[in-house]
Amino acid sequence: TQLLEQSPQFLSIQEGENLTVYCNSSSVFSSLQWYRQEPGEGPVLLVTVVTGGEVKKLKRLTFQFGDARKDSSLHITAAQPGDTGLYLCAGVNYGGSQGNLIFGKGTKLSVKP
Amino acid sequence: DTGVSQDPRHKITKRGQNVTFRCDPISEHNRLYWYRQTLGQGPEFLTYFQNEAQLEKSRLLSDRFSAERPKGSFSTLEIQRTEQGDSAMYLCASSLALTEALNYGYTFGSGTRLTVV
């Protein structure tokens, strides 16, 4: 069974601080995706990473895929209250699983003004 | 296209009743997924359709659950004889072919929040 472990589970910081969220697995994935979810809504895609060692930037968010394609990180610079939400990493593979996403439990981020 | 639509947004039902949820995916997406999310957890895979064919079912999908996608467009998820443990957010997602999904992700609906009392 493929599992994704996210850490930390909860994060409460002040506006302007930096933070990193980690997503780790013992399994290799074809792609790792990061989603953000607001209360009462479905997850919204932030980024997908598919190549080992890949780094993608989305404004103040930097995503990295591990060289072995087993782990990923999300770094937010100068967090703002609008970044508050549940951040989910999800892995997906070719074949076998038919492409269904395997999610971590999420990191609940609260950014205080 | 307005994205993935789910209906209803909220459903409160008494234990033992049957409920049905609907999902309308993005029109050109041929792959449709159902997930369940309980409080404090990430979404868990339930089942997957490619066009009208149901190609995979999770062990979470007990025999009280049934899903259909009759014409390869919208899908329904029915839960019979609901139990309190069925209370959760039920999410639908759609995507293009697998290679596109790996690169461009999946589009989720806003979910149906089920409360069994």
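Note that the structure is a prediction, hence the values are computed from the model and not measured. Labels below follow one simple rule: chain letters A, B, ... track the order of the sequence lines, proteins then strands, and each chain is numbered from 1.
Using non-hydrogen atoms only and a strict 4.5 Å limit, the part of residues 78-91 of chain A facing chain B consists of A:Leu86, A:Leu88.
Proximity of B:Leu77 to B:Leu46: side-chain heavy atoms (C-beta onward) are separated by under 4.5 Å at one or more points.
Between the B:Asn18 side chain and the B:Arg81 main chain, a donor and an acceptor come within less than 3.5 Å of each other.
For chain B, the nearby parts of A:Glu41 are the backbone and the side chain; heavy atoms of each come within less than 4.5 Å. In this structure, chain B has no heavy atom under 4.5 Å from any part of A:Phe29. In this structure, chain A has no heavy atom under 4.5 Å from any part of B:Gln6. Within the 4.5 angstrom heavy-atom criterion, only backbone atoms of B:Tyr104 (N, CA, C, O) approach chain A. Looking at A:Gln6, neither its backbone nor its side chain comes within 4.5 Å of chain B, counting heavy atoms on both sides.
Aromatic rings of B:Tyr90 and B:Tyr35 (six-membered ring for Trp) have centroids beyond the 6.0 Å cut-off, not under it.
For the atom pair OG1 (A:Thr20) and CD (A:Gln64), the distance works out to 10.0 Å, reported to the nearest 0.5 Å. To the nearest 0.5 Å, the span separating SG on B:Cys92 from CZ on B:Phe49 amounts to 9.5 Å.
Between chain B and the residues A:Pro43, A:Gly40, A:Ser30, the largest count of heavy-atom pairs under 4.5 Å involves A:Pro43.
The closest side-chain donor-acceptor pair between A:Tyr35 and A:Gln33 falls under 3.5 angstrom. Side-chain atoms of A:Thr62 and A:His75 form no donor-acceptor pair, as typed in the model, at a separation below 3.5 Å.
In the displayed structure, A:Lys108 atom NZ is contacted under 6.0 Å by at most 12 heavy atoms of other residues, nucleotides or ligands.
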**Item:** Residues B:Arg9, B:Ser110; criterion side chain to side chain contact (heavy atoms under 4.5 Å, CB included); working and verdict
**Value:** CA-CA 7 Å; B:Arg9 290 294 310 274; B:Ser110 295; 3.5 Å; yes

